[in-house]
Amino acid sequence: MAAIGILGGTFNPPHLGHLVMAQEALDQLGLDHVVLMPVHTPPHKDADGDPGAEARFELCRLAVAGDERLSVSRREIDRGGPSYTVATLRGIHADTPEHELTFIVGGDMAASLPTWREPEALLELATLAVAERQGVRRQDIAARLAGLGPPDRVRFFDMPRIDLSSSAIRRRVADGRPIRYLVPDAVAQTIGARGLYGLGPAQNAPSPVGGPAPS
């Protein structure tokens, strides 16, 4: 049996905050592996500036390349349509019932869990791992989730404060501002090479061979 973490999202695009969250879950929760699970169609929000599921999958693949602890799944993309976590977890259980699943979310997403499809079933299928800083906020989230399942089905882990979002990355790209150090170099290079997110002036264009690392 392996302890597998599932980190779902639009990943539009993936950035270092996503990777730090995966790393901290691995380290603090004793997971064996974390799988990034890009959605096909977000059920609760528009994927603003979405280059398409295939492009987001490729960016995720580039983001985790070289780290054996991380991988990317096509499960939700290949299924198509809106992505619902409970359906994804049921599918994983059907295919690999021997694994112990942990679904990784940020604090705001965790607080909204009661509005999700079949939240009680979700907590039966997987432990919920909540990335949140210490303090009253954790107590608020735990109170919000009380009654959905046993208390031990919700675990918290510390997340460094990283004020970074995919929407901010998209705005920087569209404005021609650099995104190096905010996303993995391979992700920045591919965004530049393909002109994703309304690429502005030369800041994020791919560097010549032998030149500086891509922005």
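Residues Arg74 and Arg61 fail the side-chain proximity criterion, which asks for heavy atoms closer than 4.5 Å. Using a 4.5 Å cut-off on side-chain heavy atoms (C-beta onward), Arg79 and Thr88 make contact. The side-chain heavy atoms of Pro13 and Ile191, taken from C-beta on, include a pair separated by under 4.5 Å. A heavy-atom distance below 4.5 Å is not found between the side chains of Pro114 and Trp116.
A donor-acceptor contact shorter than 3.5 Å links the side chain of His93 to the backbone of Leu125. Counting only distance, with no hydrogens or angles, the side chain of Arg170 and the backbone of Asn12 share a donor-acceptor pair below 3.5 Å. Proximity of a side-chain donor or acceptor of Arg172 to a complementary backbone N or O of Pro178 within less than 3.5 Å is detected. Without hydrogens or angle criteria, Glu132 side chain to Arg137 main chain gives no donor-acceptor distance under 3.5 Å. One N or O on the side chain of Arg56 and one on the backbone of His40 form a donor-acceptor pair closer than 3.5 Å. No donor-acceptor distance shorter than 3.5 angstrom exists from the side chain of Thr190 to the backbone of Val187, with no hydrogens or angles considered.
The CG atom of Leu196 sits 13.0 Å away from the CD1 atom of Ile169 when rounded to the nearest 0.5 Å. Taken to the nearest 0.5 Å, the CD1 atom of Ile6 stands 8.0 Å off from the CZ atom of Phe103. If you take OG on Ser166 and CZ on Arg171, they are separated by 10.5 Å, rounding to the nearest 0.5 Å. Separation of atoms CD (Gln28) and CG (Leu26) is listed at 10.5 Å; rounding is to 0.5 Å. To the nearest 0.5 Å, atoms CD1 (Ile141) and CG (Leu113) are separated by 11.0 Å. Considering CG of Leu164 and OH of Tyr181, their distance stands at 15.0 Å, rounded to 0.5 Å.
The residues Arg75 and Asp95 are annotated as salt-bridged, a charged nitrogen and a carboxylate oxygen being separated by less than 4.0 angstrom. The pair Asp158-Arg138 meets the salt-bridge criterion, since a charged nitrogen lies less than 4.0 angstrom from a carboxylate oxygen. Under 4.0 Å is where a charged nitrogen must lie from a carboxylate oxygen, and between Arg177 and Asp175 no such pair does. Ion pairing of Arg90 with Glu124 is absent here, as no side-chain N (NZ or NE/NH1/NH2) approaches a carboxylate O to less than 4.0 Å.
Around atom CD of Glu98, more than 12 heavy atoms belonging to other residues, nucleotides or ligands sit under 6.0 Å away.
Taking all atoms of both residues into account, the shortest heavy-atom contact from Ala94 to Pro97 is O-CD, 4.0 Å. Of all heavy-atom pairs spanning Ala126 and Leu89, the tightest one is CB-CD1, 3.8 Å. Cys60 and Pro14 get closest at one heavy-atom pair: N-CG, 3.8 Å. The minimum heavy-atom distance between Ala111 and Arg144, with the atom names listed, is O-NE, 2.6 Å. Closest non-hydrogen pair, Ala25 versus Phe157, comes out as N-CE1, 3.7 Å.
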(message) Run Ile92 and Met37 through side chain to side chain contact (heavy atoms under 4.5 Å, CB included) and show every step you take.
(response) CA-CA 12 Å; Ile92 296 172; Met37 188 85 64; 3.8 Å; yes

(request) For side chain to side chain contact (heavy atoms under 4.5 Å, CB included), just list the numbers for Arg180 and Asp185, CA-CA rounded to whole Å, side-chain angles, deciding distance to a tenth of an Å, and then say yes or no. (result) CA-CA 7 Å; Arg180 191 180 183 190; Asp185 281 349; 3.8 Å; yes

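Residues forming a side-chain contact (heavy atoms from CB on, under 4.5 Å) with Glu100 (at least two apart in sequence, or on another chain): Met1. His99 meets the side-chain contact (heavy atoms from CB on, under 4.5 Å) test with Ala2, Ile4, Thr96, Leu101; sequence neighbours excluded.
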All N/O donor-acceptor pairs, side-chain side in residues 16-23, below 3.5 Å, sequence neighbours left out:
from	atom 1	to	atom 2	distance (Å)
His18	ND1	His15	N	3.0

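Checked options Leu62, Val35, Ile77, Val64; the residue passing with Val72 is Val64 (criterion: side chain to side chain contact (heavy atoms under 4.5 Å, CB included)).
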